[in-house]
Every structure is written in C-alpha cells, then in structure tokens.
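One structure is given here, and the rest of the page talks about it.
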2 protein chains.
Amino acid sequence: MKISEAAAASGCHLETIRYYERVGLMPRPTRTGSGYRAYAPADVERLRFISRGRELGFSLEEIRSLLRLNDDPKLSCGDVDALARAHLADIHQRIEALTRMAGELERVIAQCAGGERGTCTILGALRRTDNNPTPCADPECRP
Amino acid sequence: MKISEAAAASGCHLETIRYYERVGLMPRPTRTGSGYRAYAPADVERLRFISRGRELGFSLEEIRSLLRLNDDPKLSCGDVDALARAHLADIHQRIEALTRMAGELERVIAQCAGGERGTCTILGALRRTDNNPTPCADPECRP
DNA sequence: CTTGACTCCGTAGCTGCTACAGACTTTATC
DNA sequence: GATAAAGTCTGTAGCAGCTACGGAGTCAAG
C-alpha cells in the first residue's frame, strides 16, 4: 500500500503521514525496491488512531503516550484514564475561556448596534483603561 | 519610558512588544541617544488595545484592522461591527467543536471507570474502526 | 571602577501541519 | 518502445504568536 492509498484509507493528509513519521509517531515503513514507502493495514490503523486522537483534541505528545500505552501489552488503564481526564479538564477550561470571550463580545456588539456615530462601543471597549472608565453613559454599559 | 516599563504598564511581555513592532502592529518608537526604545503613554494605550483584543480572541490581523479603524477619524463603525460579529461566530464554532470533544471524551471515560482489565474503553475508542471491527486476523498484517 | 541590571539585535525554537522545488519512478497512452 | 502524466522521494520553508536565547553595548549604584 503506497502512501497516497494509506492517506485515503486513514483520512490523514499524505504530507501529514510523512510528518508523523519524522516526529516518530509512525514507525519508518518498509520500502519498495525504488524507495517508495509501503504501508501495512496495521499502519493505517495506527494512523486512524492518531487521527481520532486529534479529533478528540489530544496533542501529538498525548497521542504518543496513548500509543505507548496501547502498544504495551501489560496495560495500565489508570494512566490512560488520568491522561484523558486531564485533557478533558483542559478542554473545559478552554470552553470556559471562549464562553467568557463570547459573552463579552456579545455585550459590546449589542451596545454598538444602536449608535453609529462617533462613539463605537466596540472600539471603546478595546481602548478602555481602568482608570479611564467607560465612554458609554448608559448604566447598562458595565453590568 | 523604557521598554520594561511599557511592558509593566501594558501587561505585554517585553519581547512581545518588540515582536509587535517587528510585525508592524506597533510603530517604531523614538530612541534615546544610546538606542534604547522610548515609549509615550499613547504607545502604552495602543499596547493595551492590542492586549485586550487578544483577550477577546482576535487574531493579530484582526487587531491590525481594528487599529486602523480606530486610528481613522472618519469612523466606519459598520466595519468594526462586522469584524466583531464574524469573530464571535468563529468563537461559537470553536465552543461547539470543543463541546463535542468534551462530550465524547466524557462518554468514553465514564465507560472506562468500571472495568480495569484488558479492555480499556478509552484506547478502544481510539482503535475502533467502523468497517473493520477486529484488529487484524491476517498474519500478513505485520510485515 | 566594578558589578549588576538593563537593553540592543538577530535568530531559533515551539505546535501541527502544509506547500513547495527538483529529482526520480511508475503507469497509461499511443 | 517512446513519451507523457501522475505519483513519490528528500529537504526545506512557511503559517500564528509568541518566547528564549547569545553576545554585545549601556547605565546606575556602591
């Protein structure tokens, strides 16, 4: 199986496969006489493992650990569980941060919708310094 | 005001300030006789503008646009509004993607909590192929 | 006068790819 | 069998958004 076929079968981009090999996530495949990479079904499975890990937001380093744990027959499920839980906590933090951003943005956008002259509340929110408070006179401005 | 003071006053890392200058977000500041950068209060305000933009998740290119709109006296509030709304939509998409990830992760973690032997459901979820349930029975699989 | 803190510039590193260029090999068509 | 098209090879550079050096020059305190 050539690299483009492995790419199609795994869903990974062709150049990404070579990249995974370079960084040691994928083993160096056997080669044909002319030097082309030859992949076995097991390689495609490994690529899909990586790809699904990425879909779940794991970093390549985390996936490297997961692959090691997966390859090791004397399974340490606790480590996998800990890694996954830590990752989940991280995702929750990112969601929280983005939700805060979205909330704040919605607030300043909503204020802007009304007035179009001179005082753009969006730019105002970016300019605003703590000792130089809101340019908006409306008490609704700062909840 | 020297660069470290501007850093302290703006909340930007010192090297980040130089970076912003290099990419053209910050103007080249005046220099002291010996070549040290000298910042005015307006520069610090601009840094804080950038910093708040980053806190709201805007990219540096978006912030570049916002700065241009902010600097331009004949204000085009509509452009600002459009930019902010597009950014907000993007944030919502990212939240959605992360929420999906979190949901799926929670699912496989919850399943794992029970059993600790042989079958780790987290690794199982990563290994799983929809059309090829068994790993590989064929001895040709591993070259 | 020396020590230490600061600043300068340029460059390289980080993550996770993606996209070349230029050389080669394989496959398809005539 | 010749030739064109498509695939593959390697190595390197680019993206965002910083951060962290190294080696040199500058400034203030003791």
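Throughout, protein chains are lettered first and strands after them, A, B, ... in sequence-line order, and every chain is numbered starting at 1.
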(Q) I'd like to check the salt bridge (charged side-chain N to carboxylate O under 4.0 Å, His left out) partners of R68(A); sequence neighbours left out, ordered by chain and number. (A) none
Q) What pairs with E106(B) under salt bridge (charged side-chain N to carboxylate O under 4.0 Å, His left out), at least two apart in sequence or on another chain? A) none
Strictly under 3.5 Å: I want the nitrogen or oxygen pairs between protein and nucleotides 22-24 of chain D, one per line.
none

(Q) For E96(B), give me all partners under side chain to side chain donor-acceptor pair (under 3.5 Å), at least two apart in sequence or on another chain. (A) none
Q | With D79(A) via salt bridge (charged side-chain N to carboxylate O under 4.0 Å, His left out) - residues at least two apart | A | none
Q) Got a salt bridge between E104(A) and R107(A), using NZ or NE/NH1/NH2 to carboxylate O under 4.0 Å? A) yes
**Q.** Counterpart residues, side chain to side chain donor-acceptor pair (under 3.5 Å), relative to R100(A) (two or more places apart)
**A.** none
**Q.** Of all pairs that satisfy ring-ring contact (aromatic ring centres under 6.0 Å, His included), the ones with a partner from residues 24-77 of chain B, not counting sequence neighbours
**A.** F58(B)-H87(B)
Q: Give the first and the last nucleotide of DNA chain C, reading 5' to 3', that has any atom under 4.0 Å from a heavy atom of chain B.
A: dC6(C) to dC9(C)
Q | Test side chain to side chain contact (heavy atoms under 4.5 Å, CB included) applied to Y20(A) - qualifying residues, sequence neighbours left out | A | C12(A), T16(A), L25(A), M26(A), L47(A), I50(A), R54(A), L60(A)
Q. Sequence neighbours excluded, which residues qualify as side chain to side chain donor-acceptor pair (under 3.5 Å) partners of T32(A)?
A. S34(A)
Q: Heavy atoms under 4.0 Å is the rule here; annotate nucleotides 2-17 of chain D 5' to 3' with B where the base is hit, S where only the sugar-phosphate is, and - elsewhere.
A: -----BSSB------B
Q: Sorted by first residue and then second, give each salt bridge (charged side-chain N to carboxylate O under 4.0 Å, His left out) pair with at least one member in residues 5-15 of chain A; sequence neighbours left out.
A: E15(A)-R18(A)
